[in-house]
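Okay, so here's the structure we're looking at.
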Amino acid sequence: MRPQGKLEYGGQTAPLRTCVGCRVRTVKSELLRLVQVEGVIVPDLRGRLHGRGASLHPTLKCLELAERRRAFSRAFRGTEALDTSRVRVCLEELQREGEAG
Ligand SMILES: [Zn+2]
C-alpha cells in the first residue's frame, strides 16, 4: 500500500514530494533535491540551487529506476541525454558512509 495524502509529524503537516524513481510520496526532508545545470543533473545538497527540481530517494536503486523510466527527461521538461554521473557519485558516497557508520 502506498501512503495517500498527508503524513503527520508531531501534529504538523510536512510537505510531501514524489520520488522520481519509485514514485513513492514521502516527506520532502527524506528526499534528495536534484537540479539540472546545462544538461548535467546535480544534487542540491544544501537546497540552494535555483531552477526546476526533481526529488529522489538518496539511493542508487531509485536513481536507476528513474533512469530506466526516463523520469529525468520528464521532470526537466524534455531535455534529452541528461548526465546523471554526478548524482551517481554522490549516492555512492552516501551509501559508503552509511555502510561505514
Ligand atoms: Zn524512491
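Read the numbers this way: they start at 1 and go in the same order the structure lists the ligands and their atoms. Since we're looking at a predicted model, the values are computed, not measured.
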> Which protein N, O or S atoms does the Zn ion (ligand 1) have within a distance shorter than 2.8 Å?
Replying inline: Cys19 SG, Cys22 SG, His57 ND1, Cys62 SG
>> For Leu16 versus Val27, what's the shortest heavy-atom pair and its separation?
In response: CD2-N, 3.7 Å
> At what distance, to the nearest 0.5 angstrom, does CZ of Arg17 lie from CD of Glu30?
Replying inline: 13.5 Å
> Is the shortest side-chain N to carboxylate O distance from Glu93 to Arg88 below 4.0 Å?
Replying inline: no
> When rounded to the nearest 0.5 angstrom, what is the spacing between NE2 in His50 and CG in Asp44?
Replying inline: 9.0 Å
>> Checking side-chain polar atoms at under 3.5 Å, does Glu67 have a donor or acceptor matched by the opposite partner on Thr84?
In response: yes
>> Rounded to the nearest 0.5 Å, what separates atom CD in Gln36 from atom CD in Glu38?
In response: 9.0 Å
